[in-house]
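First up is the structure itself, then whatever we jot down about it.
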Amino acid sequence: MAAGMVATMVLLTCLAAGGLVVGAEEDGGGGGLGRLGSPDYGDALAKAILFFEGQRSGRLPANQRATWRGDSALTDGREENVNLTGGYYDAGDNVKFGYPMAFTVTLLGWSAVEYGAAVAAAGELGNLRAAIRWGADFLLRAHASPTTLYTQVGDGNADHQCWERPEDMDTPRTLYKITADSPGSEAAAEASAALAAAYVALKDDGDTAFSSRLLAASRSLFDFANNYRGSFQSSCPFYCSYSGFQDELLWASAWLFKATRDAKYLNFLTNNQGSSNPVNEFSWDNKYAGAQMLAAQEYLGGRTQLARYKDNLDSFVCALMPNSGNVQIRTTPGGLLFTRDSVNLQYTTTATLILSIYSKVLKSSGSRGVRCSAATFSPNQISSFATSQVDYILGKNPLGMSYMVGFSTKFPRRIHHRGSSIPSIKVLSRKVTCKEGFSSWLPTSDPNPNIHVGAIVGGPDGNDQFSDNRGDSSHSEPATYINAAFVGACAAAMGQKQVVKLEEPADNLESMVSTY
């Protein structure tokens, strides 16, 4: 059947997704700007969380809402007699990369910890907890022994030579792992942070046995990362660590201290703060800003021995805030933080999450804000700038384009995503081969037949332009860690009034909030 005919059939088939109904290509969007010009944050939050169901690997549950997906990769791990089913495909391909998956789980957990009340008010706390648990379950299985962590399932090179649905996948499901003899402290420490964050987020949901497993595994992984130090390289060339492993060790120890209040982890933070330095990004590779945020929270709570982290975090804020006198990350003409022209929204969403949490913590501690060389920014100014980034992503930008699929009426229709770009196995039940995918589905200019609701793509270029081209993975591919950071940032924006008190200097806010 021709690609265009099948696409039309699928697009005219409404997909019921927990109250989110996705219909024809011109009518797929929902939400958008409200009467007062602010996006519908509740709708955006719900869709951002729904996205993770479209990224699931393994046997799908009966309450699966992304109904265009089916079971996949049901034998992962069998060659080494370990169950590595489940987890998430990281982006638009069919490989499970444990390192960024763990970061995704950490960010989702953090969002639930800091903004659980707002998420609950939107009716989404159960779905967020399910998303956290789906990833945490996989990480628990991947930690097969005290000195073993499986870090990848699938041959990335082979997978990238194919364009096929996860349900049809026939590329090698090669296993990669770190051990005492072949360590990877970044991956082990990030998994430790993820399970500690998941523990804090889920400990009150009634499953005490699961919570105990999370915390025990987190402690074990931290010891593995710290006692068998070595840099993680097995995911290269796709997820290479350039920042080293000290940032992940600080990040994991900060999460474990938050989870346990065990002095062991506070002492680690105190004794190793010399390795903390100012940075201008927070990403799946570089966790310094995240560790600084957690440690600064402790500092403001009275643990003054952690002052270096607070100073470093202030420098992070000054590197991002326009007109600070210390700007290192520029904004586009439309007001978007722009770190680099490759999946830029991953950096925007993570920075926005840090700014949102820090503004909240500063306000609760009674702090007047962050002093930079040319301006002092109050907590309200920092949160207003963070909200402007959420608004940009949701359509308040020069193109009027929402970079979240299915939000508003103008959003990316041709995302770089194998499962979304080929008709659902429930509609086209025959196998779609690797070569057919490349010849018939990747190059077509037709909209994707499956609207991957909630997916946030890599975003526009440095001039606020976006081509909606499936072949342009740097701008049109979604990723779990983009959405995971956005969940918290969006929850923070809910209820925010973008009004600055008159007594705050106007020159501090110039160019901070887009006029679009």
Side-chain angles (χ1 to χ4, degrees), residues 49 52 56-58 61 77 82-88 96 98-116 119-120 125-151 177-178 184-227 248-266 268-269 284 287 290-291 294 480-481 484 487-488:
I49 296 170
F52 290 95
R56 284 173 169 171
S57 179
V82 60
N83 178 8
L84 294 176
T85 61
Y88 293 114
K96 292 188 295 199
Y99 185 32
M101 191 194 305
F103 184 54
T104 294
V105 173
T106 314
L107 294 177
L108 288 173
W110 204 5
S111 298
V113 170
E114 291 292 341
Y115 299 107
V119 176
L125 187 58
N127 290 325
L128 176 54
R129 285 176 166 171
I132 295 167
R133 183 157 184 157
W134 191 272
D137 267 327
F138 175 84
L139 295 175
L140 286 173
R141 289 193 291 273
H143 186 36
S145 82
T147 56
T148 303
L149 175 68
Y150 285 89
T151 56
K177 62 186 175 185
I178 56 175
S185 294
E186 296 95 333
E190 184 58 57
S192 172
L195 296 182
Y199 166 78
V200 180
L202 302 178
K203 65 181 179 179
D204 296 327
D205 71 356
D207 192 342
T208 56
F210 184 69
S211 296
S212 296
R213 289 178 61 207
L214 291 172
L215 192 54
S218 176
R219 287 180 181 271
S220 172
L221 283 160
F222 179 81
D223 290 341
F224 178 30
N226 191 36
N227 295 337
E248 277 84 11
L249 289 174
L250 295 173
W251 175 233
S253 63
W255 270 111
L256 274 164
F257 182 63
K258 190 175 188 71
T260 67
R261 313 316 282 177
D262 186 333
K264 167 184 174 179
Y265 304 110
L266 177 59
F268 188 94
L269 279 173
W284 57 260
K287 315 296 170 29
L294 291 173
T480 56
Y481 36 89
V487 167

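It should be emphasised that the depicted structure is a prediction, and the values quoted were computed from it without experimental measurement. Positions are given from 1, in the same order as the sequence printed here.
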Shortest non-hydrogen separation from [X] to [Y] and the atoms involved:
X      : Y      : answer
Phe138 : Gly86  : CD1-O, 3.8 Å
His143 : Ser220 : NE2-OG, 2.9 Å
Ala136 : Phe210 : CB-CZ, 4.4 Å
Ala187 : Ile178 : CB-CD1, 4.3 Å
Leu149 : Ala188 : CD2-CA, 3.8 Å
Ser111 : Gly488 : OG-N, 3.0 Å

Within the supplied structure, the quantity of interest is the number of heavy atoms (other residues, nucleotides, ligands) at a distance under 6.0 Å from Arg213 CZ; does it exceed 12?
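12 or below, so no.
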
Do [X] side-chain atoms and [Y] backbone N/O form a donor-acceptor pair below 3.5 Å?
X      : Y      : answer
Thr104 : Pro100 : yes
Tyr265 : Ala259 : no
Asn226 : Phe222 : no

Residues that [X] engages under salt bridge (Lys or Arg N to Asp or Glu O under 4.0 Å), provided they are two or more places apart:
X      : answer
Asp262 : Arg219
Lys287 : Glu190, Glu248
Lys177 : Glu80

Roughly how far apart are [X] [atom1] and [Y] [atom2], rounded to 0.5 Å?
X      : Y      : atom1 : atom2 : result
Leu214 : Arg133 : CG    : CZ    : 8.0 Å
Leu125 : Ile132 : CG    : CD1   : 8.0 Å
Tyr88  : Leu108 : OH    : CG    : 6.5 Å
Tyr481 : Tyr99  : OH    : OH    : 11.5 Å
Lys264 : Leu256 : NZ    : CG    : 8.0 Å

Output all residues satisfying side chain to side chain contact (heavy atoms under 4.5 Å, CB included) with Ala291, sequence neighbours left out; order by chain, then residue number.
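Expected list: Leu250, Trp251.
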
Any residue meeting side chain to side chain contact (heavy atoms under 4.5 Å, CB included) with Pro61, in chain and number order, not counting sequence neighbours:
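Once residues adjacent in sequence are excluded, the partners of Pro61 under the side chain to side chain contact (heavy atoms under 4.5 Å, CB included) criterion are Arg56, Asn63, Gln64, Trp134.
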
Please tabulate, for the side chains in residues 191-204, all donor-acceptor contacts under 3.5 angstrom to protein atoms that are two or more places apart in sequence or on a different chain.
unit_1: Ser192; atom_1: OG; unit_2: Ser218; atom_2: O; d: 2.8
unit_1: Ser192; atom_1: OG; unit_2: Ser218; atom_2: OG; d: 3.3

Look at the rings of Trp255 and Trp110 and say which category their plane angle falls in: under 30° parallel, 30 to 60° tilted, over 60° perpendicular.
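It falls in the perpendicular class, over 60°.
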
